[in-house]
Protein chains: 2
Amino acid sequence: MRDIVRIGRQHLATDGAAALSLRAIARDLGLVSSAVYRYVGSRDELLTLLVIDGYDELGDAVDEALGSVAAANHAGRLRAIGRAVRTWALAEPATYALLFGSPVPGYQAPAERTTGPGTRVIRRLVQVWEDAWLAGATSHDGGPVSPRRLSRDLARIRREQGITAPDELIARGVLVWAALFGCISFEVFGQYGADTITQPQDLFEHQLTVLVETVGLTR
Amino acid sequence: MRDIVRIGRQHLATDGAAALSLRAIARDLGLVSSAVYRYVGSRDELLTLLVIDGYDELGDAVDEALGSVAAANHAGRLRAIGRAVRTWALAEPATYALLFGSPVPGYQAPAERTTGPGTRVIRRLVQVWEDAWLAGATSHDGGPVSPRRLSRDLARIRREQGITAPDELIARGVLVWAALFGCISFEVFGQYGADTITQPQDLFEHQLTVLVETVGLTR
DNA sequence: TGCATAAGAGAGCGGTGCTCTTGCTTTTGA
DNA sequence: TCAAAAGCAAGAGCACCGCTCTCTTATGCA
């Protein structure tokens, strides 16, 4: 069982998600293909296991990176989260693609099993905004944002996450979240021409600086 | 031949890229599977055709949107590009996923056939930064950015694109480019919880406002 | 000792990409 | 005009895939 996920991760890393084959995994384990169905049920279920596995590993990487940054260093925590996600994504591009790339056709991750580990990164980010807000370390302290419909969505986020940060800060936080993964996806998926950006690490550090500014962190 | 691409686009839209099957296309055309190989060569070549098709359609959509915005309205041009990409992506999610999602396993788009149409959007964006720079309509007019290695990459972009915009503006332009597609990918791929963001259109408009600010467009 | 359960083997169904050969039809050119 | 050439489709076949079903063997336990 544990072996199936292990071999599955290897195949995912070398061949990608859509090429994931239960038969090939069975071969690697010295089993006949039907034998693995006793443990996994279906190919989609294996994908779900790998999705959860990936979210957990990414969440662990982020948490570990956060461990060495002072709680009051809000900008540093954002940068640490960004670096941790990028480093993990470059190390595990296939798993990253499974989590944040195109949905696998015909496969829908079961929300009840994946939303928990799947929201670890955004929850850490939200905590950074909230802590910065409480410490007065953000320049975005205005009132509600327009239009009212957007303000209602942001109020829902505020309630569900149990935070007090104002509309503008939450909205910018969502943008920074999406922008961060946009930058990383572009790099991992090769959207930057490989011959134009030769030092993606330097570019990413600059992008982190701008993202810190976008969310208005003053320290 | 044209029919194959047409049916292929239908299958792509309904079933996704990895589920694209030459046999199914042949069935829809009333042909036997081997017959379509006279025209397409391989499944990967069909994917390439669909990639080029998608880039062209996206580029056309962007160009059409730009047609109704004054050249001097730099912020408006950025917003128009963003809206056009988002609208097209939501209308053709499978093709969008093929272009900007996870790479299809075992498939590498031939650069010599796809880089032309594939860079239409970023070229339009770069033109916005450059025009704003020439018109003095951006607040980012500083000198070279650090570190020097990044500055060298940006100088290469400046040379290859035939522009004169300063380092900081180009770097922020790249970030805005990646952030824009990050926001759209999150929405198209369902990374926002469907029950938290009920009005993605409003959120996107707000994000565009912040991106205009990020690249420092003053008009 | 007897039996229920677990674990794997094997055959088989329909699907896939792709290749090769065969045959028919249309076009071309001397 | 008529044969050669090219275009086009069919069909068989190979190896792979997900998945189901039945059968056999091994194990643990009362």
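All heavy atoms count here, side chains included; hydrogens, waters and symmetry mates do not.
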*Can you find a donor-acceptor pair, distance only, under 3.5 Å between B:R38 side chain and D:dA9 base?*
yes

*How about A:D202 and B:D153: do any of their side-chain heavy atoms sit closer than 4.5 Å?*
no

*Take the protein atom CD1 of A:I25 and the nucleotide atom P of D:dG18, then report the distance between them rounded to whole Å.*
8 Å

*Looking only at non-hydrogen atoms, find the nearest pair between A:L66 and A:A80 and report the distance.*
CD2-CB, 4.5 Å

*Is the shortest heavy-atom distance from the side chain of B:W129 to the side chain of B:L78 under 4.5 Å?*
yes

*Between B:S34 and A:V32, just flag the one whose closest nucleotide in DNA chain C comes earlier from the 5' side.*
A:V32

*asked:* Looking at D:dG7, I'd like to know if its phosphate oxygens (OP1 or OP2) sit under 4.0 Å from a side-chain N or O belonging to B:Y39.
replied: no

*Could you pull out all residues at least two apart from A:R148 that satisfy side chain to side chain contact (heavy atoms under 4.5 Å, CB included)?*
A:R152

*In plain terms, say whether B:R120 and B:D63 are close enough for a salt bridge, that is, a side-chain N and a carboxylate O under 4.0 Å apart.*
yes

Could you go over nucleotides 13-17 of chain C and give all protein N or O partners under 3.5 Å, atom names and distances?
unit_1	atom_1	unit_2	atom_2	d
C:dT16	OP1	B:S21	OG	3.2
C:dT16	OP1	B:R27	NH2	3.1
C:dT16	OP2	B:R27	NH1	3.1
C:dG17	OP1	B:L20	O	3.4
C:dG17	OP1	B:L22	N	2.5
C:dG17	OP2	B:S21	OG	3.3
C:dG17	OP2	B:L22	N	3.3
C:dG17	OP2	B:R23	N	2.9
C:dG17	N7	B:R23	NH1	2.3
C:dG17	O6	B:R23	NH1	3.0

*Would you kindly give the CG-to-C1' distance between B:L29 and D:dA10, to the nearest whole Å?*
15 Å

*asked:* Apply salt bridge (Lys or Arg N to Asp or Glu O under 4.0 Å) to residues A:R2 and A:D53 and explain how you reach the verdict.
replied: CA-CA 11 Å; A:R2 231 33 223 166; A:D53 210 59; 3.7 Å; yes

